[in-house]
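Just so it is clear, the values below take in all heavy atoms, side chains as well, and ignore hydrogens, waters and symmetry mates.
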Amino acid sequence: MMSSKKLQGSLTEKTLSSEEQQAKINETRKLIGPIADKLPVLCSNASILRFLRAQNWNTKKAGKMLKQTLKWRLEYKPEKIRWEDISHEAETGKVYMANYFDKFGRIVLIMRPGYQNTNSTSGQIRYLVYCMEHAIKNLNLDQEHMVWLIDFQGWNTSSISMKVTRETAHILQHHYPERLGLAILYNPPKVFESFWTMVKPFIEPKTFKKVKFVYPKHPESQKIMEELFDMDKLESGFGGRSSAGFVYQDYAQRMMEDDGKISDLIDSGGLSPSLSSAMSECQQSDSLVTDHCSEASDESSGDEAASSNLEVVDEKIQAHPSPSSNDVANGTQLGKGRGYGGT
């Protein structure tokens with residue numbers, strides 16, 4: 001369990017002036033070392049700023065986090081995943097990018113965990129990474145956040161995989177920080193509410209503020225959808241007026257065309273120079289980040305404890321009392337701090 005001291009500290013977010021933010025960016029860039037100059041896209045001011053916000057402006061932690069992400073990208077090569085590599089994971093429409101934005105110009109990722117069609121943890125994570133990469137590449141120039149629309153149709157307790165849950169949380173929190181603007185949990189069943197009650201203590205407070213429960217039979221709850229989306233474009237399954245849904249063949253064509261655009265950008269050098277060559281030239285900066293960020297690793301044991309505690313959650317789902325849908329719909333998740341612009 002997260003200590004009250006640590007929890008209180010994580011709830012207190014600093015507010016910095018533009019000059020102070022730039023100073024933090026410059027300090028973090030120095031901690032990263034020469035690789036920052038060789039990877040201008042991955043180490044841009046905007047990118048460093050997201051890692052700093054995720055670490056509440058702690059430059060040592062942000063530097064270590066970003067360097068670990070660069071190493072992960074070198075090994076995992078997310079930018080090279082193509083449709084043919086993950087097409088079987090997409091067949092049911094369990095995760096896909098909508099063809100519209102919300103009213104704030106944010107990309108919308110639709111997720112249907114009840115439509116899970118494979119048992120491979122690595123395959124599911126790879127498909128999630130593919131979707132995240134494409135969503136980011138398709139963001140509007142003035143926007144860095146996205147919206148997740150999570151539909152619980154067909155979901156039950158057998159849909160829960162703690163291994164996938166832990167790996168998903170790790171990937172999103174450590175390698176795609178500050179990308180989530182809002183997550184809408186649409187019409188979850190009561191058993192999920194129990195699961196959520198037990199899991200939420202392990203979710204970062206700033207992330208928790210971005211999660212909203214929406215129930216179609218609660219007018220106040222449904223207003224969230226009307227405030228966020230053009231109801232003529234929103235699918236009827238989410239209370240909208242559009243009859244369009246996921247069509248695998250159409251989505252496959254769209255993603256293959258998107259793959260082609262990304263490949264062209266990589267070939268032309270429009271995304272970033274070779275990560276492998278930049279990393280090999282800058283191995284000496286590893287010790288720099290390790291030395292300067294040693295104190296950032298002191299809290300890793302707390303994260304590991306939280307992860308181990310998550311393993312018992314699925315065993316207690318049925319035993320934990322469920323809050324009513326009305327309580328959730330009228331609670332603080334809906335009534336306060338919507339934070340549509342993200343943090």
Side-chain angles (χ1 to χ4, degrees), residues 68-69 71-98 107-138 146-177 179-180 183-186 188-189 191-192 195-196 198-199 202-204 207 211 237 245-252 254-256 258-259 262 303-304 306-308 310-315 317:
Q68 289 174 338
T69 291
K71 291 181 178 179
W72 171 77
R73 295 190 71 90
L74 172 63
E75 297 171 357
Y76 202 84
K77 298 178 174 58
E79 76 283 352
K80 293 187 177 181
I81 304 174
R82 294 294 176 262
W83 176 257
E84 56 266 24
D85 301 324
I86 47 78
S87 58
H88 60 288
E89 291 283 350
E91 290 176 353
T92 60
K94 62 187 178 186
V95 183
Y96 65 95
M97 188 167 55
I107 283 281
V108 178
L109 273 184
I110 295 176
M111 304 179 180
R112 290 191 165 98
Y115 287 27
Q116 185 57 260
N117 62 326
T118 66
N119 296 316
S120 170
T121 297
S122 60
Q124 292 170 24
I125 295 298
R126 193 167 181 79
Y127 181 51
L128 174 67
V129 168
Y130 175 85
C131 292
M132 288 295 296
E133 291 288 310
H134 277 260
I136 291 170
K137 296 297 190 300
N138 283 278
M146 62 185 73
V147 174
W148 297 348
L149 259 179
I150 306 174
D151 180 12
F152 283 86
Q153 181 179 357
W155 187 93
N156 54 49
T157 55
S158 65
S159 303
I160 299 173
S161 168
M162 295 312 299
K163 183 176 182 181
V164 174
T165 299
R166 288 195 301 272
E167 290 201 28
T168 297
H170 177 81
I171 292 290
L172 295 178
Q173 291 183 28
H174 289 80
H175 303 316
Y176 297 100
R179 285 299 189 183
L180 178 63
I184 294 178
L185 278 57
Y186 194 83
V191 68
F192 178 81
F195 174 77
W196 176 253
M198 301 175 72
V199 169
F202 307 104
I203 299 176
E204 285 294 325
T207 300
V211 177
F246 177 79
V247 179
Y248 176 77
Q249 292 80 2
D250 294 345
Y251 192 69
R254 178 184 167 196
M255 289 297 98
M256 286 188 286
D258 217 33
D259 282 348
I262 292 176
D303 296 334
E304 292 172 359
S307 177
S308 63
L310 280 173
E311 295 179 359
V312 303
V313 168
D314 54 339
E315 300 175 2
I317 290 175

Q.
Just verifying a value: how many Å separate Lys94 NZ and Gln116 CD, rounded to the nearest 0.5 Å?
A. 3.5 Å
Q. Which class fits the ring pair Trp83 and Tyr130: parallel under 30°, tilted 30 to 60°, perpendicular over 60°?
A. tilted
Q | Heavy-atom pair with the smallest gap, counting every atom of Thr92 and Phe246 | A | C-CE2, 4.1 Å
Q) Has the side chain of His175 got a donor or acceptor atom that lies under 3.5 Å from a matching backbone atom of Ile171? A) no
Q | Spacing of Lys163 atom NZ and Ser122 atom OG [to the nearest 0.5 Å] | A | 8.0 Å
(Q) Within the 4.5 Å heavy-atom criterion, are Glu133 and Ile262 side-chain neighbours or not? (A) no
Q. Does a side-chain heavy-atom distance below 4.5 Å link Ile107 with Val147?
A. no
Q: Hey, could you give me the CD1/NE2 distance between Ile86 and His88, rounded to the nearest 0.5 Å?
A: 8.0 Å
Q. Going by heavy atoms in the side chains, are Glu89 and Asn117 under 4.5 Å from each other?
A. yes
Q: State the CD1-NE2 distance between Ile125 and His170, to the nearest 0.5 angstrom.
A: 10.0 Å
Q: Look only at the side chain of Arg254 and the backbone of Met97, and say whether a donor-acceptor pair between them is shorter than 3.5 Å.
A: yes
(Q) Donor-acceptor pair, distance only, cut-off 3.5 Å: does the side chain of Tyr127 make one with the backbone of Val95? (A) yes
(Q) I'd like to know if the side chain of Ser120 pairs up with that of Thr118 as donor and acceptor (distance under 3.5 Å, no hydrogens or angles considered). (A) no
Q. Is there side-chain contact between Ile184 and Trp148, with at least one heavy-atom pair below 4.5 Å?
A. no
Q | His174/Trp72 under side-chain contact (heavy atoms from CB on, under 4.5 Å): CA gap, chis, key distance, verdict | A | CA-CA 10 Å; His174 289 80; Trp72 171 77; over 6 Å; no
**Q.** Steps toward side-chain contact (heavy atoms from CB on, under 4.5 Å) verdict (Leu149, Asp151)
**A.** CA-CA 6 Å; Leu149 259 179; Asp151 180 12; over 6 Å; no
Q) Hey, what do you get for OH (Tyr96) to CG (Asp250), rounding to the nearest 0.5 Å? A) 12.0 Å
Q: Decide if the gap between the ring center of Phe152 and the ring center of Tyr186 is smaller than 6.0 angstrom.
A: no
Q) Heavy-atom distance under 4.5 Å between the side chains of Gln124 and Leu128, does that happen here? A) no
Q | Test log, rule salt bridge (Lys or Arg N to Asp or Glu O under 4.0 Å), inputs Lys137 and Glu79 | A | CA-CA 10 Å; Lys137 296 297 190 300; Glu79 76 283 352; over 6 Å; no
Q. Taking all atoms of both residues into account, what is the closest heavy-atom pair of Pro188 and Leu185, and its distance?
A. CD-O, 3.6 Å
(Q) Closer than 3.5 angstrom, by distance alone: can the side chain of Asp259 be matched with the main-chain N or O of Arg82 as a donor-acceptor pair? (A) no
Q: Working to the nearest 0.5 Å, report the span between OH of Tyr176 and CE of Met132.
A: 6.5 Å
(Q) Quick check: closest heavy atoms across Gly93 and Arg112, and the distance to 0.1 Å? (A) O-CB, 4.2 Å
Q. Are any of the side-chain heavy atoms of Val191 and Trp155 separated by less than 4.5 Å?
A. yes
Q) Hey, are the side chains of Ile81 and Arg126 touching, using non-hydrogen atoms and a 4.5 Å cut-off? A) yes
Q) Between Ile150 and Pro113, is any pair of side-chain heavy atoms under 4.5 Å apart? A) yes
